[in-house]
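For ligands, and for the atoms within them, numbers begin at 1 and follow the listed sequence.
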Amino acid sequence: MKNSDRLYRIKPKETVRLADFPAEATGHFTREDEALDELQRHRKRLDQLQELFAIDGRHALLIVLQGMDTGGKDGTIRHIFSGVNPQGCDVTSFKVPSPLEARHDFLWRAHYAVPPRGMIGIFNRSHYEDVLVVRVHGQITGKQAHQRMRDIVHWEEMLANNNVIILKFFLHISYDEQTRRLQSRLQDPDKRWKLSAADIAERKLWPKYQEAYEDVLSRTSQKTAPWYIVPANHKWYRNAVISRVLVETLENLKLRHPKPSVDPAKIKL
Ligand code: AMP
Ligand code: MG
């Protein structure tokens, strides 16, 4: 999966048509177990890199996960971060805004959840819901959505100027794959709880959501806060792609230990 980065990263101002991105892609993998081996390697590396990232302390890492219902946001977090020290990671799940949140500007709760330097923060849904779900439901106009997207771009730029590294992943599944996943939730007594009437209603709005996502992906990918469109029909490929981007990003930072405050040669125990 060399060059996964360039393959799925959206360039600034690139016009995105989701139909051009096959959700069932598996890159150079022909078998699931090859991808699982790779994920396993990435997980180990990520654990080492996270420790160094925390010690180095110069940057924060913000990972944004977006996708349609059943797209695999929870599974991505579980599979990729299961080996990482929980002290170095924070997950924030964005739900319908509380009455207090709704009285603030839409970035208020997101800004509060941005990780501090040395930490990895994962947004399970994010400030992007404020240009997706509310737009699809007609609570804001297209014009307002575009204004918000400009605000998001500026805000993310400001974060990047303050050493926040931002990676945004759109988990791209097909409509048929969502059908299969909803079916399996219906049939599996252990998964049924995940399903709500709202999920079924949202599914009817699939084309509107895809359009809203295309607009977001076309307008808000930036060099310092890129979007990746991750083929996510196959969970193992999704995990291999995302974990690779994370490992590559952290490796490129040239993380280092700070200079020791003591001279080991001068210490006698
Ligand atoms: P889940 O991810 O299944 O826990 O569902 C969370 C729900 O909260 C989804 O239906 C989201 O669309 C909704 N949600 C998250 N953020 C917002 C927002 N800013 N405005 C409206 N609904 C939101
Ligand atoms: Mg849900």
Side-chain angles (χ1 to χ4, degrees), residues 18 62-81 89-114 121-156 159 166 168-173 175 177-186 188 190-217 219-220 225 227 230 232 235 238 242:
L18 284 172
L62 173 60
I63 299 163
V64 170
L65 296 177
Q66 283 288 157
M68 301 294 289
D69 280 328
T70 76
K73 298 182 288 292
D74 299 294
T76 299
I77 296 170
R78 199 168 60 241
H79 284 103
I80 296 181
F81 290 92
C89 282
D90 247 338
V91 182
T92 307
S93 298
F94 287 84
K95 309 281 182 188
V96 176
S98 71
L100 175 64
E101 288 167 347
R103 288 171 63 200
H104 282 276
D105 69 88
F106 77 100
L107 287 170
W108 181 73
R109 64 176 183 165
H111 201 163
Y112 188 74
V114 170
I122 303 163
F123 281 7
N124 183 349
R125 300 188 189 270
S126 66
H127 47 296
Y128 282 98
E129 290 295 322
D130 290 283
V131 288
L132 289 161
V133 60
V134 291
R135 182 183 192 183
V136 166
H137 286 272
Q139 290 158 7
I140 59 169
T141 62
K143 202 171 157 206
Q144 285 169 314
H146 290 159
Q147 179 58 54
R148 283 187 173 189
M149 288 184 220
R150 287 193 293 275
D151 293 337
I152 288 175
V153 165
H154 290 143
W155 179 68
E156 291 179 352
L159 294 178
I166 306 172
K168 304 179 292 199
F169 298 99
F170 170 63
L171 310 184
H172 181 36
I173 57 166
Y175 188 74
E177 181 59 20
Q178 191 190 50
T179 311
R180 283 189 287 276
R181 292 185 186 185
L182 287 171
Q183 267 313 338
S184 98
R185 282 187 186 182
L186 270 174
D188 183 343
D190 288 339
K191 286 188 182 169
R192 234 169 255 161
W193 65 270
K194 283 193 187 179
L195 209 62
S196 68
D199 291 343
I200 309 302
E202 290 308 287
R203 180 173 152 79
K204 299 219 167 73
L205 298 169
W206 178 278
K208 281 192 156 186
Y209 268 105
Q210 298 284 297
E211 247 177 68
Y213 264 114
E214 285 177 342
D215 205 20
V216 162
L217 295 164
R219 287 171 188 264
T220 62
W227 274 109
V230 181
K235 296 170 183 173
R238 170 200 79 201
I242 296 177

Taking only heavy atoms of [X], which atoms of ligand 1 are found under 4.0 Å from at least one of them?
X	result
V134	20 (N)
P97	17 (C), 18 (C), 19 (N), 20 (N), 21 (C)
R109	16 (N), 17 (C), 18 (C), 19 (N)
V133	12 (O), 20 (N), 21 (C), 22 (N), 23 (C)

| query | Residues two or more places apart in sequence or in another chain: which of them pass side chain to side chain contact (heavy atoms under 4.5 Å, CB included) with R180? | reply |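 Only D176, E177, N233 meet the side chain to side chain contact (heavy atoms under 4.5 Å, CB included) criterion with R180.
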| Of the choices L132, L195, V96, which has the non-hydrogen atom that lies closest to atom 8 (O) of ligand 1? |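 That would be V96.
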| request: From atom 12 (O) of ligand 1, work out which of E129, K95, Q139 has a heavy atom at the shortest distance. | output: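 When every heavy atom of E129, K95, Q139 is considered, E129 comes closest to atom 12 (O) of ligand 1.
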| said: With a cutoff of 4.0 Å, is R135 in contact with ligand 1, counting heavy atoms of the residue only? | reply: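 Checking ligand 1 against R135, which is what was asked, there is no heavy-atom contact under 4.0 Å.
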| Charged tip of R203 within 45° of Y175 ring normal and under 6.0 Å |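 Yes; both conditions hold, so R203 lies above the ring face of Y175.
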| task | Using the ring of F106 (Phe, Tyr or Trp, six-membered ring only), decide whether R148 places NZ or CZ under 6.0 Å from its centre and within 45 degrees of its axis. | result |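 Verdict for F106: a cation-pi partner in R148.
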| field | Polar contact flag for D130 and ligand 1 (N/O pairs, less than 3.5 Å) | value |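 Yes, at least one N or O pair falls under 3.5 Å.
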| message | So, regarding R125 and ligand 1 (criterion: nitrogen or oxygen to nitrogen or oxygen, under 3.5 Å), is there a contact or not? | response |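 Yes - when backbone and side-chain N and O of R125 are compared with those of ligand 1, one distance drops under 3.5 Å.
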| With a 3.5 Å cut-off and no angle check, do the side chains of H137 and E202 form a donor-acceptor pair? |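 The answer is yes; a qualifying pair exists.
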| query | Who pairs with H104 by side chain to side chain donor-acceptor pair (under 3.5 Å), at least two apart in sequence or on another chain? | reply |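 Side chain to side chain donor-acceptor pair (under 3.5 Å) list for H104, sorted by chain: empty.
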| task | For residues D69 and W206, determine if any side-chain heavy atom of one lies less than 4.5 Å from a side-chain heavy atom of the other. | result |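 Side chain of D69 against side chain of W206, heavy atoms only: no contact under 4.5 Å found.
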| said: As an exercise, state the distance from CG of D74 to NZ of K194, rounded to the nearest 0.5 Å. | reply: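 Between atom CG of D74 and atom NZ of K194 there are 6.0 Å.
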